[in-house]
Amino acid sequence: MQSARLQSGHYGNVAYLTSPVHVSAAWSMSDSNTPDALLAERVANRDQFALEALFEQYGGAVKAVALRVLRNEALADDVVQDTFVGFWNAPEKYDAGRGSLRTFLLTIAHRRAVDIVRSEVARARREEKPPDPDHYDVADEVWTRNLAEQVRNALDELAEGEREAISLAYFSGLSYVEVAKRLGEPEGTVKSRIRSGMKKLAASLSGATA
Amino acid sequence: MTNHNLLHELLPLYALDSLEGDELHAVRSHLHSCDTCLRELARYSAVTSKLVPDEPAPTHGWERIASAIGNGADIPLGRASEVIDLEEGRPRASRAVTLLTAMAAVAALVFAGIALAQRSLLNDLTGDSAVIAAAEQAASSPGAYVGDFLVDGSSIAQVVLTEDGHGFVVPTEDLEPLMPQRTYQLWVITSDEQVISGGVLGNEPRASTFTWTGDVSGFALTREVAGGVVISEGDVVAVATEA
Ligand SMILES: [Zn+2]
């Protein structure tokens, strides 16, 4: 049985090598129905092209979230690599019933970036040399402009305190306890702002395509 | 409040990775056993992923991933397939002629016999066991080409090509890793001495596959800049010809 699987993986590569057109046709199916499960299955069958297609599609977003949290190109590149190599090594961790592959990959990447940011070394370095806030205000505006209109509108509907707490937590990789410290607010307040903000976002964005 | 009710309220914070310590561990272990919370978490995770805009994939990011998952030759090879006619798997004449000129050094080495290949069994191989198993099978198929890339008398890699065009490169332990900015690249030398890219093997090559349906007189291995080149600019490491 093992050699039969090998063969299919091998032919997968051959198909890619001799006929990239054919493979991109397979990828475009992902825009319609349940291609995520199909792609994950192809990755499980050691089809590197499926992984490359995923990288082409989502690598930019994965890098963006890692860079936003880490504010360091080299570390962000490491996260991108860890995310896709991790998926290659354990594609069975993706459950198509629980969300899109995009969400899955971004979740992994964000968690990894947060782990790095919270590591003692990084923490010490940040305290030594905190990121320049002015520079990132500009970058953040560009970021927001690139979001889908529906998402921008949903963010606009949040109270300022909710938006601020969510954004510090997610984009700076801070725990809600750290967010509270940063804002000089009680932990309970920050916790409930994040919670109510996220509930509003989930309500207005459910049904929106990722 | 039950454990579920308490932890359910923490899911929006969990989805943002903003929990730490006991709360983080409590949610994580509860998620192993609560479908309701898993479904709810999926909603919040979908929200967080919408806070990230789509952007073009980072340049050169894929090469790094391909080489990290090993067997990375296959993907850049597809890119290099500009040099291979997609319909017939044959080199385009004009490109092949350019390659011929540029690769005169390789051809010269072939005929100078700096590294002679010999037919051998696939011994002492390293790398992806799955690809190696397929390569071994291919090597024993009727009419298969089997050759070695020899340096100072020992094989740094073996090459197999079946009659129907399925190729394998399997490094031995003697193939030295290159710096990350460099890559090994495989070249096919046709019987009329055209030299065509067979694929990029990465800086620490593992067992890799390629495809070639034209005729073959031998193969060459060169060192190039990472990502590979259409026309070799690097130095020739070894050539293989069938014994
Ligand atoms: Zn629960």
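Each chain gets a letter, A, B and so on, in the order the sequences are listed, and its residues count up from 1. All values derive from a computational prediction rather than experimental measurement.
With sequence neighbours excluded, the residues that form a salt bridge (charged side-chain N to carboxylate O under 4.0 Å, His left out) with A:Glu162 are A:Lys200. Considering only residues two or more places apart in sequence or on other chains, B:Glu55 meets the salt bridge (charged side-chain N to carboxylate O under 4.0 Å, His left out) condition with none of them. A search for ring pair (Phe, Tyr, Trp, His ring centres under 6.0 Å) contacts involving B:Tyr14 returns nothing, not counting sequence neighbours.
Within the 4.5 angstrom heavy-atom criterion, no atom of A:Leu105 approaches chain B. When heavy atoms are compared at a cutoff of 4.5 Å, A:Ala169 approaches chain B by way of both its backbone and its side chain. For B:Pro56, the part lying near chain A is the backbone, with the side chain staying farther off; criterion is any non-hydrogen pair under 4.5 Å. Using a 4.5 Å cut-off between heavy atoms, B:Leu51 contacts chain A through both its backbone and its side chain. For chain B, no part of A:Phe104 is nearby; none of its heavy atoms comes within less than 4.5 Å.
For chain A, the option among B:Leu13, B:Leu16, B:Ile65 with the highest count of heavy-atom pairs below 4.5 Å is B:Leu16. With chain B as partner, the option from A:Arg152, A:Lys63, A:Arg195 having the largest number of non-hydrogen pairs under 4.5 angstrom is A:Arg195. Interface remark: of the candidates A:Leu51, A:Val114, A:Asp82, A:Asp115, A:Leu51 forms the most heavy-atom pairs closer than 4.5 Å to chain B.
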For B:Glu40 and B:Arg43: C-alpha separation, side-chain torsions, deciding distance, then whether salt bridge (Lys or Arg N to Asp or Glu O under 4.0 Å) applies. CA-CA 5 Å; B:Glu40 187 72 359; B:Arg43 281 184 74 222; 3.5 Å; yes
Evaluate the criterion salt bridge (Lys or Arg N to Asp or Glu O under 4.0 Å) for residue pair A:Arg193 and A:Glu185; output intermediate values, then yes/no. CA-CA 11 Å; A:Arg193 279 181 192 165; A:Glu185 304 266 9; 3.4 Å; yes
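Ring pair B:Phe219/B:Phe149 is perpendicular by interplanar angle, where above 60° counts as perpendicular and below 30° as parallel.
B:Cys37 SG to B:His8 NE2: the interatomic distance, rounded to the nearest 0.5 Å, is 5.0 Å. With rounding to the nearest 0.5 Å, the separation of CG in B:Leu201 from CD in B:Gln185 is 8.0 Å.
Of the possible donor and acceptor atoms, none in the side chain of B:Ser45 sits under 3.5 Å from a partner among the backbone N and O of B:Ala42. A donor-acceptor pair is defined here as one N or O able to donate and one able to accept, closer than 3.5 Å; no such pair exists between the side chain of A:Asp47 and the backbone of A:Arg42.
Residues of residues 84-95 of chain A lying under 4.5 angstrom from chain B, judged on non-hydrogen atoms, are A:Phe84, A:Val85, A:Trp88 in numerical order.
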